[in-house]
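Proteins get letters first, then strands, A, B, ... in listed order; numbering begins at 1 in each.
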Amino acid sequence: MTPDDLAAAVSTLVSTLADEGAFRLDSAPDVRVERPKSREHGDYATNVALALAKQTGMPPRELAGMLAQRLATVEGIASAEVAGPGFINVRLDSATQGGLARTVVEAGPLWGHGTSLAGRVVNVEFISANPTGPIHLGHTRWAAVGDAIARVLAAAGATVAREFYINDRGVQMDRFGASVMAVAHGRPVPEDGYHGAYVVDLAAAVLAEQPGIVDLPEDEQLAAFREVAYAVQLGQQQQVLALFGTRFDVWYSERSLHESGAVERGLDRLREQGHVFEQDGALWLRTTDFGDDKDRVLIKADGDYTYFATDTAYYVDKRARGFDLAIYLLGADHHGYVNRLRAVAACAGDDMDDNIEVLIGQLVKITKAGEEVKLSKRAGNIVTLEDLVDEVGVDAARYTLTRYPVDSPLTLDVAEMIRATNDNPVFYVQYAHARIASVLRNAAELGIDWQAADFDPALLDHERENNLLGMLAEFPRVVASAAELREPHRVARYLEDLATAYHRFYDACWVLPRGDEELAGIHVARMWLCAAARQTFANGLDLLGVSAPERM
RNA sequence: GUCCUCGUAGCUCAGUCGGAUAGAGCGACCGCCUCCUAAGCGGUAGGCCGUGGGUUCGAUUCCCGCCGAGGACACCA
């Protein structure tokens with residue numbers, strides 16, 4: 001029995017009692033079943049009686065008593081008692097609780113997956129770094145978290161596409177090309193260009209790719225440098241992200257948006273909806289109709305499209321491609337975009353609370369020996385994704401970046417992170433998985449086929465077995481809330497708690513027969529429990545894009 | 001100036017759709033390996049949950065003010 005099953009049981013019980021006339025019920029309550037912090041309060045507790053007290057006009061304890069009496073007779077429930085101001089503390093019988101191990105093992109890789117977001121077609125856009133330099137640590141947070149969000153949404157039943165928007169148009173690209181070209185000729189990089197050391201490598205790569213490039217006429221050469229360097233740089237970004245385990249379904253080029261006529265189509269769409277107007281020779285979008293601070297220019301007085309026009313067209317295009325929810329994951333420096341992007345959705349005739357979502361990630365601050373390292377691509381002071389992975393590995397990097405909510409700024413000390421590698425929580429969690437794998441390997445070596453043996457779940461009645469089962473039962477709820485709130489860090493935190501529960505179980509409950517001991521029911525039952533835990537670790541780590549090692 | 005996010009243990013941070021004794025990791029200290037992985041387990045020390053009000057049976061959680069930190073406010077890209 002999972003907490004959701006229990007909540008459903010309580011819920012039907014409430015309506016049954018109301019139908020019988022025990023009390024008046026205006027609206028069905030949102031029944032919440034929780035794991036109490038203290039085990040003395042049972043396996044589960046619910047505060048329905050407290051929540052319903054006002055509505056029914058009954059004292060909470062009296063209401064709770066009525067519910068508890070009936071609840072105790074439900075199959076699988078060992079006891080139900082009223083406690084405190086009106087909580088109902090429920091204990092499950094151990095067979096019901098232990099049976100969860102079988103449920104988990106049989107569900108396999110799908111254990112924890114749900115249907116709360118079934119039917120939603122979601123576009124998750126993240127990173128979208130300019131193709132003018134390497135992926136750095138600022139992007140890396142989203143590389144890890146954005147990917148995890150996509151995974152979690154999919155686990156909740158949504159159809160998800162990961163998208164990377166390539167800003168391959170505009171002044172920055174020209175400056176980029178000019179910088180690479182200058183370096184290739186051994187000339188100083190222009191003041192407004194890119195000064196990073198990586199430009200030198202890029203120049204070399206461009207020359208290797210197209211040796212004759214320096215002999216082209218100046219203006220042609222500039223364009224050629226821009227294009228070749230762009231291709232090389234984008235290729236590197238793609239390679240590094242693949243190495244990091246973040247794969248995109250769509251690499252969407254800004255140029256293609258213009259070339260395909262999507263910009264005009266976007267404008268048409270906005271015109272149809274009637275929020276476009278002309279003023280001072282420019283074309284504007286009245287975003288203030290929907291909560292933006294000021295109206296925005298789409299086409300400047302000189303006839304050029306603004307960047308905002310492109311953003312707008314891009315959103316309209318996403319919707320036209322069939323996505324009913326566009327999620328944007330942006331850095332804190334793009335904070336001002338939130339209201340205007342939402343307004344864009346509304347101006348396009350969409351529901352800005354349902355079709356668009358803009359998540360802002362606070363920047364990652366890096367310190368080295370206690371001193372802040374400033375990140376600036378132009379100045380060339382970069383900690384890249386590649387550097388990070390080289391130093392701490394993909395798993396530690398991904399895990400460290402996904403275990404914190406993105407709306408709080410994160411400070412990572414590079415030295416600390418490297419030094420603390422062995423103490424990193426990721427190893428604590430992975431170790432639990434490897435430990436289980438080892439136990440089950442040993443079982444196989446002993447010739448034990450636990451899956452074929454009789455499994456009596458009622459034998460799992462040790463306090464730490466009970467606790468571990470309780471933790472396992474939480475997994476589907478954790479996944480669902482991580483998806484609903486777009487907060488994959490909840491999965492990481494959960495896995496850490498689960499690891500504690502497992503290690504404590506392992507410490508107190510010997511799994512395999514020792515020495516010449518006969519194989520008994522308790523051994524089999526514990527192997528089922530181990531297998532269920534292993535599956536949960538594997539599924540949880542997978543949601544974070546972190547590997548679940550068989551050995552460590 | 002306006003708006004947004006945040007203030008929880010020495011450090012880095014969880015938790016909170018209002019609930020029963022506020023958590024983890026790191027750091028400090030003390031214990032536990034003649035049999036399944038000690039990257040583990042058990043224990044000790046460490047908190048006016050920034051601050052002042054309000055709502056409530058009940059506030060670290062919700063509302064308002066204040067203080068502090070970070071960020072955003074272009075016919076830029």
(request) Using only heavy-atom distances, decide whether a donor-acceptor pair under 3.5 angstrom links the side-chain of A:Tyr404 to the base of B:A24. (result) no
(request) Decide, applying a 5.5 Å centre-distance limit and a 30° plane-angle limit (both strict), whether A:Tyr506 stacks on B:C36. (result) yes
(message) Within the 4.0 Å limit for protein heavy atoms, which parts of nucleotides 55-61 of chain B are touched? Write it as a string from 5' to 3', B for base, S for sugar-phosphate only, - for none.
(response) -------
(request) For A:His258 and A:Arg169, test the side chains for any donor-to-acceptor distance below 3.5 angstrom and give the result as yes or no. (result) yes
(message) On RNA chain B, does the nearest nucleotide to A:Gly170 precede the nearest nucleotide to A:Ile436 from the 5' side, or the other way round? Give the residue.
(response) A:Ile436
(message) Nearest whole Å is fine: how far is B:G23 P from A:Arg493 CZ?
(response) 16 Å
(message) Under a 3.5 Å cut-off for both contacts, is B:A14 paired Watson-Crick or G-U wobble with anything, and if yes, with which nucleotide?
(response) none
(message) Could you check whether the side chain of A:Asn89 and the base of B:A20 have a donor-acceptor pair of N or O atoms closer than 3.5 Å, going by distance alone?
(response) yes
(request) Provide the distance between the two C1' atoms, one in B:G53 and one in B:C11, to the nearest whole Å. (result) 32 Å
(message) Please identify which of these residues, A:Val90, A:Leu6, A:Val48, meets the side-chain contact (heavy atoms from CB on, under 4.5 Å) condition with A:Val33.
(response) A:Leu6
(message) Need the glycosidic conformation of B:C6: syn if within 90° of 0, anti if not. Which one?
(response) anti
(message) If the cut-off is 4.0 Å, is A:Tyr428 near the phosphate of B:C41, judged by side-chain N/O to OP1 or OP2?
(response) yes
(message) Under a 3.5 Å cut-off for both contacts, is B:C49 paired Watson-Crick or G-U wobble with anything, and if yes, with which nucleotide?
(response) none
(message) Would you call the rings of A:Phe277 and A:Trp284 parallel, tilted or perpendicular, taking 30° and 60° as the class edges?
(response) parallel
(message) Reading RNA chain B from 5' onward, which residue's closest nucleotide shows up sooner: A:Asn442 or A:Ala301?
(response) A:Asn442
(request) Using both distances under 3.5 Å as the test, list the Watson-Crick or G-U wobble partner of B:U21, or none. (result) none
(request) May I ask you to decide if the ring planes of A:Tyr194 and A:Phe176 are parallel, tilted or perpendicular, using 30° and 60° as cut-offs? (result) perpendicular
(request) Considering only NZ, NE, NH1 and NH2 on the basic side and carboxylate oxygens on the acidic side, decide whether A:Arg493 and A:Asp497 come within less than 4.0 Å. (result) no
(message) Students often mix this up, so state it plainly: with edges at 30° and 60°, are the rings of A:Phe455 and A:Trp528 parallel, tilted or perpendicular?
(response) parallel
(request) Indicate whether OP1 or OP2 belonging to B:A20 is found under 4.0 Å from a side-chain N or O atom of A:Asn47. (result) no
(request) Name the nucleic acid region contacted by A:Val511, choosing base, sugar-phosphate or nothing; use a 4.0 angstrom heavy-atom cut-off, strictly under. (result) base
Atom pairs, protein N/O to nucleotides 5-8 of chain B N/O, distance under 3.5 Å:
unit_1	atom_1	unit_2	atom_2	d
B:U5	O2'	A:Asp407	O	2.9

